[in-house]
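Everything on this sheet refers to the single structure shown next.
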Amino acid sequence: MPREAYVNGRYVPHAQAAVHIEDRGYQFADGVYEVVTIHRGTLIDEEPHLNRLERSLDELRIAMPMSRPALKLVARELIRRNAVSNGIVYLQVTRGVAPRDHKFPGHARPALVMTTRQMKPHSTKLLEDGAKVIAVPDIRWARCDIKSVSLLPNVLAKQAASEAEAYEAWQVDADGFVTEGSSTNAWIVTGEGTVVTRAVGQEILNGITRISLLKLIESHGYTLEERAFSLEEAKAAKEAFITSSTSFVLAVTQIDDTPVGNGHPGILTGKLRRHYFDFMDRAGDPI
Ligand code: PDD
């Protein structure tokens, strides 16, 4: 059974799935996207992802390509056709196809592409050793709260991480504070056991995993602070970790050349990862 993609109203073989050369996503990165986890065949946090999609589209004045129920239907049909049990749905909406001109086109219809991908669980080595991250300057624009497909700084950051044999790059603002990873949110645990992550604003993406983990942290009674932390504070922290729809909750054990804590995945991080997996196992239940 060949893998299929959904492109502007049709299910097509993935290998032949294509958009027009004048799609504004291709020419201007004029579009937004979402990555939704599929866990045991179920979409995790589908509503919050669709809320964020609508918000990103609103901010850019792009219309929803179809109704929410229709989007959900397409996602389910694609998961069914591709028989995905664990993986992701990738959903991209651009302003559509129009002759190249920076200003919004008069009549373009938003273009929708959806794909799925089966993913393997994280390797035992990554889980046992934890992830290494490197620090890079945050050179992105001032609206990182919009999940735009304009990801060049993130691409360069992740490539720098890869070349340093690291899993992720933490972006650092002009004042020395960590904003977020190239495709993850950044967290630390202080010596006193307080979980710290940056408060939302236009400098970071409000991760859906972040939002669910915040609720889990609260419901389990851990101490939490939503505030900026510096790279220096992170290097001296007891534990560190990242969150995203593909990393879930993943321990960070090294930042640049500095081991975090004792250099092994932190105990609290391990508990939070388990809480998050329990939450995914119960998919759909409120936290
Ligand atoms: N990235 N910050 C950035 C810059 C991201 O790109 C992402 C997600 C996150 C975490 O968001 P969430 O918890 O909703 O996945 C934070 C996706 C996975 C990606 O680009 O592949």
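All heavy atoms count here, side chains included; hydrogens, waters and symmetry mates do not. When a ligand or atom number is given, it counts from 1 through the structure's own listing order.
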Identify all pairs of nitrogen or oxygen atoms, one from ligand 1 and one from the protein, separated by less than 3.5 Å, and list them with distances.
| residue | atom | partner | partner atom | Å |
| --- | --- | --- | --- | --- |
| ligand 1 | 1 (N) | K147 | NZ | 3.3 |
| ligand 1 | 1 (N) | S183 | O | 3.3 |
| ligand 1 | 2 (N) | E180 | OE1 | 2.6 |
| ligand 1 | 13 (O) | I208 | N | 3.3 |
| ligand 1 | 13 (O) | T209 | N | 3.0 |
| ligand 1 | 13 (O) | T209 | OG1 | 2.6 |
| ligand 1 | 14 (O) | R52 | NH1 | 2.9 |
| ligand 1 | 14 (O) | R52 | NH2 | 3.0 |
| ligand 1 | 14 (O) | I208 | N | 2.8 |
| ligand 1 | 15 (O) | S245 | N | 2.9 |
| ligand 1 | 15 (O) | S245 | OG | 2.7 |
| ligand 1 | 20 (O) | Y33 | OH | 2.6 |

Q. Hey, do the aromatic rings of Y33 and Y90 have their centres closer than 6.0 Å?
A. yes
Q. So, Y26 versus H20, ring centres under 6.0 angstrom or not?
A. no
Q | Donor-acceptor side-chain pairing of T179 and D173 below 3.5 angstrom | A | no
**Q.** ring pair (Phe, Tyr, Trp, His ring centres under 6.0 Å) against H264, all qualifying residues, sequence neighbours excluded
**A.** none
Q) Does a side-chain N-to-carboxylate-O contact under 4.0 Å join E59 and R143? A) yes
Q: Flag the pair K72 and E47 as a salt bridge only when some basic side-chain nitrogen lies within less than 4.0 angstrom of an acidic carboxylate oxygen.
A: yes
